[in-house]
Amino acid sequence: MFDKLTKGKLIAGLIAITIAGFFWNVFFPPGGSGANILLGIFVAVFFIYYFSGYFGSLIDQEIFPGGSKKRARLYRALHNFTVELATQLSNIKKSKSKLRKIGQKPIEDLEQSLSQAQQVMSQIKSQWSQQGSMNDHEHLLKDAHEKLERSSRAVFSLQRKWRFLYGMPSLIFALFCALLIREVIIEPYQIPSGSMIPTLLVGDHLFVSKYYYGLSKPFSSEPDFIIQWRKPKPGDVVVFKAPDYVGRHAGQAWIKRVIATEGQTVQVINNVVYVDGKPYEHVEQAKPVTYMDFFGFGGPDGGVWRKQTALRSIEKIGNIEHQIHIMPFAPSPALGAKWPVASSMSLPGLECSMESCKVKPGFLFVMGDNRGNSADSRIWGALPVARIKGRASFIWMSVDGSEQSVKIGPFNLPKFRFERWFTGIH
């Protein structure tokens, strides 16, 4: 009765869906950037599953007990106890040291008690509607629970209220490994703004290779390399911690493309980037395009989508060909067709004249592919190499928050760009 779909679970499920739908609309309103959408789906599904199972059993126990609340409560208590003990026993059996310490006999006794308790529950479940058997059922459930308690004491040295600690070392180790992987090997990142359009779109979720350039300091608030075995080169797309001089967004994780490295000179003439006097050629004639960009991410209004126009071309950096957007009317002189400008003369990490800027040692010149809408080295200066978190590897999921794919009451899902899933970044 309690392991299948019941009236209580149906009621609890409807309540859970209503609660999840309400909070979904709070955290993921229509027209958002699509950030954390997959995590939200996982959390919502887990919440509905857990709420339906736990509170559904409570509702069945108290409102639909099948004739006896006492029997329903004993049944539910025994069921939960067997699940708890089976999980803890499984964790113990994975440890040779714990098995040696406890001994084989107590383990076998507990396994036998678990088996008998499950048989009792199965028998009672098959006779649930027989009203005359309720007293017998209550005695059977109570005896099975007491026997489990006795046999479990020989296995678990801790009192029952501390028994949840069993398996914690494995959980802590798994969490530590996950954190270590995130800090040293690979880290997820999501695109919140349009500075890298059209290469990376708002709502793209990607993985960053933390070890590509070297071994970074793990669990540190300030990124830096312990050992560096590869240097960033022009064309690489890197994720970094924004330096202090970028303004109010300092310390955030940003993503840009490396344009020049230390010792190289940079200038922009008619929207073409020149490095050491040589152009990064546009290998395709610019074409007018319209696209959707997201503005105000993290702001008080939650951000807004706007249709933008630009000229799309393909730029070649070494062997890398990638799309760029050129804005005919840039919002800032520094993002226009010519650079450097007068405001560039004192930028950190750069030695500038009105003709070009030279990148100082230990710095990189980075730009966004959306050249007319990117806060990058043209505005705030060069990027310290030590601030790099890793190299963008591939897109594993992409969400288009400007369009809706599902809308049911307060619940809405943005459009998924499946064609961009598991694609490389160039």
Side-chain angles (χ1 to χ4, degrees), residues 28-42 44-45 182 185-210 212 235-240 253-258 283-284 286-298 303-317 319-327 366-374 376 389-407 412-426:
F28 302 103
S33 68
N36 293 320
I37 195 75
L38 194 61
L39 177 62
I41 292 173
F42 286 151
V45 170
R182 187 181 186 275
I185 300 176
I186 194 166
E187 179 179 351
Y189 180 77
Q190 58 196 29
I191 304 298
S193 65
S195 69
M196 283 296 291
I197 293 174
T199 302
L200 297 170
L201 306 181
V202 179
D204 281 350
H205 292 62
L206 50 94
F207 281 121
V208 178
S209 175
K210 299 292 292 288
Y212 186 81
D236 287 355
V237 177
V238 297
V239 172
F240 57 93
W254 282 10
I255 184 167
K256 304 292 178 187
R257 187 179 297 276
V258 178
V283 297
E284 183 179 281
K287 300 176 182 178
V289 294
T290 60
Y291 66 97
M292 296 299 293
D293 201 348
F294 189 74
F295 296 88
F297 176 81
V304 62
W305 289 91
R306 296 189 191 127
K307 185 176 287 188
Q308 302 289 298
T309 59
L311 297 174
R312 180 174 295 180
S313 184
I314 294 179
E315 181 180 72
K316 186 174 182 180
I317 302 178
N319 296 323
I320 298 173
E321 293 186 1
H322 63 100
Q323 293 184 333
I324 60 171
H325 275 177
I326 301 166
M327 190 174 290
V366 296
M367 294 172 66
D369 289 346
N370 195 359
R371 297 291 162 81
N373 185 27
S374 171
D376 52 39
K389 295 168 70 69
R391 180 175 181 267
S393 183
F394 67 93
I395 300 167
W396 65 274
M397 186 183 75
S398 184
V399 180
D400 183 2
S402 67
E403 296 186 35
Q404 303 299 306
S405 60
V406 176
K407 184 167 179 61
N412 67 86
L413 272 181
K415 178 183 176 182
F416 289 93
R417 307 185 191 103
F418 291 108
E419 71 279 3
R420 294 181 64 81
W421 289 37
F422 300 102
T423 57
I425 299 171
H426 304 289

Inset, instruction - Give the intermediate values and the outcome of side chain to side chain donor-acceptor pair (under 3.5 Å) for residues Ser398 and Asp204. - result: CA-CA 4 Å; Ser398 184; Asp204 281 350; 2.5 Å; yes
Inset, instruction - Assess whether side chain to side chain donor-acceptor pair (under 3.5 Å) is satisfied between Glu321 and His426, documenting all intermediate values. - result: CA-CA 7 Å; Glu321 293 186 1; His426 304 289; over 6 Å; no
Taking all heavy atoms of [X] and all of [Y], pick out the closest pair and write down the distance.
| X | Y | result |
| --- | --- | --- |
| Leu206 | Ile255 | CD2-CD1, 4.3 Å |
| Ile197 | Met292 | CD1-O, 3.9 Å |
| Asp400 | Pro414 | O-CB, 3.4 Å |
| Ile324 | His322 | CG2-CE1, 3.4 Å |
| His205 | Val399 | CE1-CG2, 4.3 Å |

Legend entry - Within-4.5 Å side-chain heavy-atom neighbours: Asn36 and Gln190: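 The answer is yes; the side chains approach within 4.5 Å.
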Inset, instruction - For residues Arg420 and Leu201, determine if any side-chain heavy atom of one lies less than 4.5 Å from a side-chain heavy atom of the other. - result: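 Arg420 reaches Leu201 side chain to side chain.
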Inset, instruction - Run the numbers on Phe422 and Trp396 for ring pair (Phe, Tyr, Trp, His ring centres under 6.0 Å), then give the verdict. - result: CA-CA 4 Å; Phe422 300 102; Trp396 65 274; 7.4 Å; no
Salt bridge check, [Y] against [X]: does any charged N sit closer than 4.0 Å to a carboxylate O?
| X | Y | answer |
| --- | --- | --- |
| Asp293 | Arg306 | no |
| Asp369 | Arg257 | yes |
| Glu403 | Arg417 | no |

Legend entry - Tyr291/His325 aromatic ring centres below 6.0 Å: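 Yes.
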Inset, instruction - Determine yes or no for a side-chain-to-main-chain donor-acceptor pair under 3.5 angstrom, with Ser393 supplying the side chain and Phe207 the backbone. - result: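 Judged by distance alone, no pair lies under 3.5 Å.
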Inset, instruction - Using a cut-off of 6.0 Å, state whether more than 12 heavy atoms not belonging to Phe42 lie near its atom CZ. - result: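 At most 12 heavy atoms, drawn from other residues, nucleotides or ligands, come within 6.0 Å of this atom.
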